Every structure is written in C-alpha cells, then in structure tokens.
Amino acid sequence: MTQQRTETQTQVSVRIDGADVAVPAGSTILDACNAEGIDTPTICYADNLTPVNVCRVCVVEVEGSRTLVPSCSRVAEDGMEIQTDSERVRHSRKMVLEFLGSGVDLSQADEINAYSARYDADVTRYVEGHEVIDEPIRIQDDLYIRDYDKCVLCYKCVEACGDDAQHTFAIAVAGRGFGNRISTEFDATLPDSACVYCGNCVAVCPTNALQFKTEFDLRHDDNWHEDEQTVTTTVCSYCGVGCNLELHVQDNEIVKVTSPVDHSVTHGNLCIKGRFGYTYVGN
Ligand code: SF4
Ligand code: SF4
Ligand code: FES
C-alpha cells in the first residue's frame with residue numbers, strides 16, 4: 001500500500017496531442033513526448049548534457065502559456081495540456097531552422113537538414129545578400145579540425161568540455177552578436193590551449209563544425225562514404241576503466257571512434273587515448 005502511494009506521488013500525468021501520458025515526476029516535456037513515441041526535433045539538447053535551451057527548435061504549445069516553451073528543459077507538470085504539432089509549433093520550428101541556415105553552412109548537418117525537410121524550411125531563404133560566417137578552417141593538429149562556418153552555437157561542445165563531462169573548460173563562447181564564436185582562451189591554437197584532446201566536444205557537435213581530421217581529409221578527397229562504413233563496438237585496450245569504443249571502419253581502416261551515449265559509465269565520453277589513439281591498429 002505504502003509502495004503504491006509512493007508510485008502515485010512520483011508520477012505526473014500530462015495530455016499530449018490528446019493522449020494521456022504518465023511520466024516520473026521531474027521528467028521534462030521532451031521525456032513525456034519520447035514516452036509517447038513523439039519524435040521531437042532537438043539541436044542543443046543531448047541525453048548526456050544539461051539542457052541549455054538555446055536553439056528553440058524543440059518548442060511546444062502548453063495551454064495557458066503565452067509563449068511556446070522549450071520541451072527539452074521544461075519540467076512536465078500534472079495536468080499540462082501540450083500540443084506538439086500545431087500550426088504555431090510547426091511555424092516556429094520552421095522559422096528557427098531557416099534563421100539557422102541564414103548565417104552558417106549546414107551542408108554536413110544531416111539531422112538538422114532532416115528537420116528542415118520535415119518542416120518544409122528553406123535554409124537558403126535568408127542567405128542572399130546577407131552576411132554569413134566566413135572564417136578560415138582551423139587545422140592545428142592531426143586529431144580534429146574546427147570549421148566555425150558550420151557552427152550553430154548550440155553550446156554542446158562547451159558543455160561537454162565543462163562541468164557536464166570533461167571539466168577542462170578549454171572552450172567558451174566569445175564575442176557579441178554576429179561576432180559570437182566558440183573559442184579557446186584568447187583564441188589560442190588548440191595545442192597551446194587547455195585542450196586535452198578528449199574529443200568529447202567533437203562527439204556532440206551536430207553540424208560537423210568539429211570534425212575528426214581523418215574525416216575532414218576523406219571528405220576533402222571526396223572519399224567519405226558513411227553508408228559503406230561499419231561500426232564495431234569493442235573495449236578500449238589502454239587502461240582498466242574498460243570504456244566501450246565504436247570503431248567506424250571504411251576500406252578496412254578506422255576512420256573515427258565514438259562511444260555509446262547510453263553507456264552507464266562513460267555516457268559517450270572518452271579520453272584522448274580511446275578517441276584518437278587507434279592508428280597503431282593499422283601499423
Ligand atoms: S577535445 Fe576535450 S578538452 Fe579539448 S576542447 Fe574538446 S572537450 Fe575540451
Ligand atoms: S562547434 Fe558544434 S557543438 Fe560547438 S557550439 Fe558549434 S555547432 Fe555546437
Ligand atoms: S533542443 Fe530544446 S532548446 Fe534546443
């Protein structure tokens with residue numbers, strides 16, 4: 001009986017697109033949408049990061065709320081009436097996607113481009129005659145490159161480098177307005193910065209603004225064939241922590257390494273050895 005009461009108290013019920021959904025108290029609206037099988041677009045949200053709420057592509061309508069609310073960070077409350085696919089929601093998501101495309105290069109942002117197709121967003125709509133981000137690609141080592149022409153300022157890399165994962169704080173948002181950029185301290189080159197090359201920022205970047213150098217070189221040679229790659233999960237051989245590695249292999253060569261986000265120990269994060277120390281395999 002006591003157990004039953006506790007369960008009742010720790011659940012909240014919301015109504016989403018006309019369906020009743022019960023989720024544990026403290027869940028976000030996004031969690032409730034997921035529980036109901038509703039595919040909600042997200043850009044700045046990741047399961048392994050604290051929501052920063054900056055992209056606004058996940059907005060939904062909540063009855064009684066004057067403005068649309070970001071589902072990724074708004075906690076679900078008992079009795080909420082939520083609309084995830086109303087005209088207002090669709091229009092807002094479309095606008096967000098078109099504005100994103102107005103200043104940055106989304107050519108390698110596959111997930112964002114799929115959202116644009118879903119919401120009929122023309123990401124080239126505001127490009128003509130307007131300023132776009134145009135900077136030299138930062139190639140400062142053999143591990144990963146930074147191409148901020150592709151950056152949508154989702155903050156995920158900053159979060160991953162900071163207290164959500166790495167606690168290195170090598171990067172932050174610098175500048176104001178159109179001059180906003182992700183930057184190392186005083187824009188130092190990566191080898192001269194606090195970066196420890198864990199690559200956890202690369203792993204969460206949704207646009208390929210941060211990219212393995214191997215991938216960058218293959219794309220440059222028009223030889224990046226993701227659909228032909230295999231992914232093999234294995235255990236890192238460098239130390240006893242036992243992180244899981246996902247080896248992305250093309251033409252019998254490892255071309256990049258990721259880690260499963262749903263792993264209870266590493267949550268998708270690795271250190272430099274697991275992430276980049278794979279070239280010995282091909283020797
Ligand atoms: S590689 Fe690691 S330490 Fe370097 S900027 Fe990215 S998250 Fe920070
Ligand atoms: S570099 Fe990538 S992860 Fe970082 S803010 Fe830009 S788009 Fe987001
Ligand atoms: S995913 Fe919710 S604000 Fe970006």
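Atoms within a ligand are numbered from 1 in the order they appear, just like the ligands themselves. Heavy atoms only: backbone and side chains are in, while hydrogens, waters and symmetry mates are out. A quick note: this is a predicted structure, and the numbers were derived from the prediction, not measured.
- Atom OH of Tyr155 has 12 or fewer heavy atoms from other residues, nucleotides or ligands within 6.0 Å.
- Residue Cys55 approaches ligand 3 through these ligand atoms, each under 4.0 Å from one of its heavy atoms: 1 (S), 3 (S), 4 (Fe).
- In summary, an N, O or S atom of Cys205 is located under 2.8 Å from atom 2 (Fe) of ligand 2.
- When hydrogens are left out, the protein atom nearest atom 8 (Fe) of ligand 2 is Cys154 SG, 2.3 Å; that is the closest non-hydrogen contact.
- Under 4.0 Å from ligand 1, heavy atoms of Val196 appear from its side chain as well as its backbone.
- Of the protein's non-hydrogen atoms, Cys151 SG, 2.3 Å is the one closest to atom 6 (Fe) of ligand 2.
- Those atoms of ligand 3 with a heavy atom of Tyr45 less than 4.0 angstrom away are 1 (S).
- Residue contact check for ligand 3: Val57 places no non-hydrogen atom closer than 4.0 Å to it.
- Near Asn53, meaning under 4.0 Å from any of its heavy atoms, are these atoms of ligand 3: 3 (S).
- The only member of Arg90, Arg93, Lys94, His91 that meets side chain to side chain donor-acceptor pair (under 3.5 Å) when paired with Tyr119 is Arg93.
- At a cut-off of 3.5 Å, with distance as the only test, a side-chain donor of Asn208 or Glu215 sits close to an acceptor on the other residue.
- Remark: among candidates Cys58, Pro206, Ser71, Ser73, the nearest residue to atom 2 (Fe) of ligand 3 is Cys58, based on non-hydrogen atoms.
- Within the 4.0 Å heavy-atom criterion, neither part of Val204 lies near ligand 2.
- For ligand 3, the atoms sitting less than 4.0 Å from at least one non-hydrogen atom of Cys72 are 1 (S), 2 (Fe), 3 (S), numbered in the order shown with element in parentheses.
- The distance from ligand 1 to the heavy atoms of Gly199 drops below 4.0 Å at these ligand atoms: 1 (S), 2 (Fe).
- In terms of protein heavy-atom proximity, atom 3 (S) of ligand 3 is nearest to Arg56 N, 3.3 Å.
- In Val59, neither the side chain nor the backbone holds a heavy atom less than 4.0 Å from any atom of ligand 3.
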